[in-house]
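Comments concern the structure below.
So that the names make sense, note that chain A is the first sequence line, chain B the second, and so on, each numbered from 1.
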Protein chains: 2
Amino acid sequence: MWVPVPTRDRILDATGQLFRRHGYTGTGLKQVVAAAHAPFGSLYHHFPGGKEQLGGEVIRASGRMYLELFEMVMDASPDPVAGIEAFFEGAAATLEETDYADACPIATVALEVASTSEALREATAEVFDSWIAAGTRRFTAAGLNEACSRQLTIEMFTGLEGAFILSRATRSTEAVLLAGARAVASAREAGAGGSDVR
Amino acid sequence: MWVPVPTRDRILDATGQLFRRHGYTGTGLKQVVAAAHAPFGSLYHHFPGGKEQLGGEVIRASGRMYLELFEMVMDASPDPVAGIEAFFEGAAATLEETDYADACPIATVALEVASTSEALREATAEVFDSWIAAGTRRFTAAGLNEACSRQLTIEMFTGLEGAFILSRATRSTEAVLLAGARAVASAREAGAGGSDVR
DNA sequence: GCTCTTCTAGGTAGATCGCTCTAGCAGGCT
DNA sequence: AGCCTGCTAGAGCGATCTACCTAGAAGAGC
């Protein structure tokens, strides 16, 4: 049986998928409506601002979904260090399963629009800020001070994003796993881990 | 007085500049010949393989140039740790000077082509491998063992690449500076630094 | 039943895409 | 000179891009 997903949501989902693989400029609106099984007119009905509005909403929606994934993995782990470990391992597994296609949902777009569209650049900045805020919250809750938590979070996400680039290019999870080990070691050193010394 | 730079080199340079800011799909060939002050016919004379051949050569040329920059900075520093510090500081300075446009010369393209063009993906992989090999060489020369050197190098470049994404999106050098501090600390800890303890 | 709003449906415009084509120019060779 | 090669020069091809347009279907409220 078929559940009727609203056209607007189908467009958002399809665009998100296409953005990961082909980026912003590489994704055509024809391609979007084809993937979403939606008529072309509906696109401009739901997103009168055109491609830029669609892009902005997709960036924020994808960012929110990835944030929820992060929170879920962290919630399911006994302590922040174990959570980070699981998060990186999950990322590596996803990379392999999707033939190195699904990594960060907004990284490609973020680099593309950073110097071409101020509105979209702001959307990506907001997403990254929300991730950093969420990570910082986790570490402060584990007893670290604000500055240290923020620093640790930024190091973690920069490591992850950079590792995604190298891993997708070289088709190897080595970089992601190393970045994960690095983040785990830094977090444990800072005192965010369980009391056991490995 | 005008120095006659060969058309082929002008095209390569102009394409490299455009790739940094607009990415692969975002850069049109008309735009390239306009920026290079070259006629359209010359482009297909020098690059009969079209956009993909041009892209491949630009990726490799840009990667080689960035590698040379890395070697230069490292050569100018008393030890690898100081070199890393200078490299990250230089990257942060360049970001600010270019209004957060010039970061990694191939990162945007690497993410764009990772799942769309096998030939170009291989070119980006070769570039990253060359950087990793160069960094590994530096650390082994400083006395570290092979595995440790490679790990340190990958952590450094993943940190740099990821920090570039966050920094360009948020228009702040915070991520790059943090990633630099992280790389410096890791290298010093591993024993690649000068003998002084900061 | 009737109207009004919301959404679907797709045709069409105008610009731009990557690419191919032919013509012409400059300089070294025999 | 005559020829040949390497390169410049740009018009123009079919395809695709984003964006806009009008027409009709679906459903709520009166």
Side-chain angles (χ1 to χ4, degrees), chain A residues 2-59 61 108-109 112-113 115-121 123, chain B residues 2-19 21-59 108-109 112-113 115-121 123:
Chain A
W2 184 73
V3 186
V5 180
T7 303
R8 192 174 205 278
D9 293 342
R10 289 206 315 278
I11 292 177
L12 245 21
D13 286 352
T15 309
Q17 294 288 333
L18 289 167
F19 275 6
R20 291 187 187 208
R21 290 168 168 74
H22 306 113
Y24 181 75
T25 50
T27 300
L29 294 184
K30 296 238 160 121
Q31 215 176 339
V32 167
V33 296
H37 301 292
F40 204 89
S42 301
L43 201 158
Y44 275 88
H45 170 76
H46 293 292
F47 305 94
K51 194 181 187 182
E52 196 159 33
Q53 183 193 346
L54 173 62
E57 295 205 22
V58 167
I59 288 168
T108 311
V109 177
E112 282 184 282
V113 304
S115 303
T116 55
S117 162
E118 184 58 16
L120 295 183
R121 196 222 94 224
Chain B
W2 183 75
V3 185
V5 180
T7 302
R8 192 175 206 278
D9 294 340
R10 288 207 315 278
I11 292 177
L12 245 22
D13 286 350
T15 309
Q17 293 287 334
L18 289 167
F19 275 7
R21 288 165 169 75
H22 306 114
Y24 180 74
T25 49
T27 300
L29 260 24
K30 297 245 159 104
Q31 212 177 342
V32 167
V33 296
H37 301 291
F40 204 87
S42 300
L43 199 157
Y44 274 88
H45 170 75
H46 293 292
F47 307 94
K51 193 180 187 183
E52 195 159 33
Q53 183 194 346
L54 173 61
E57 295 205 23
V58 167
I59 288 167
T108 310
V109 178
E112 281 184 283
V113 304
S115 302
T116 55
S117 163
E118 186 59 16
L120 295 183
R121 196 221 94 224

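Under a 3.5 Å cut-off, the side chain of B:S42 and the backbone N or O of B:A38 do not form any donor-acceptor pair. Listed for the A:R10 side chain is a donor-acceptor partner under 3.5 Å among the backbone atoms of A:A36. Without hydrogens or angle criteria, A:K30 side chain to A:F40 main chain gives no donor-acceptor distance under 3.5 Å. Judged by distance alone, with hydrogens and angles left aside, the side-chain atoms of B:T15 form a donor-acceptor pair with the main-chain N or O of B:I11 at under 3.5 Å.
Residue B:H46 has a polar side-chain atom (N or O) positioned under 4.0 Å from OP1 or OP2 of D:dT8. Taking only side-chain nitrogens and oxygens, B:Y44 never comes nearer than 4.0 Å to OP1 or OP2 of C:dT20.
As judged by a 4.0 angstrom heavy-atom cut-off over every strand, B:T25 is placed among residues making no nucleic acid contact. Among the protein residues, A:G28 comes within range of the sugar-phosphate backbone only, with heavy atoms under 4.0 Å from sugar or phosphate atoms but none that close to a base.
Rounded to whole Å, atom P of C:dT8 lies 11 Å from atom CZ of A:R8. Remark: C1' of D:dT16 and NE2 of A:H22 are 15 Å apart, rounded to the nearest angstrom. Note: NE2 (A:H37) to C1' (C:dT8) measures 16 Å, nearest angstrom. As rounded to whole Å, 16 Å separates atom P of C:dT22 from atom CZ of B:F40. Distance A:I11 CD1 to C:dA9 P: 11 Å, rounded to the nearest Å. The NZ-P distance, from B:K30 to D:dG12, rounds to 12 Å in whole Å. Rounded to an integer number of Å, the gap from CG of A:L43 to P of D:dT18 is 10 Å. Here C:dT5 presents its P atom at 13 Å from NE2 of A:H45, a figure rounded to the nearest Å.
The side chain of A:K51 has D:dT18 as its nearest neighbour among D:dT18, C:dG18, D:dT8. Listed nucleotides D:dT8, D:dT18, C:dC19 differ in distance to B:L29; the shortest reach to its side chain belongs to C:dC19.
Nearest-nucleotide assignment on DNA chain D puts the 5′-proximal partner with A:T27, out of A:T27 and A:G41.
Between B:R8 and B:E57, at least one side-chain N (NZ, or NE/NH1/NH2) sits under 4.0 Å from a carboxylate O, which counts as a salt bridge.
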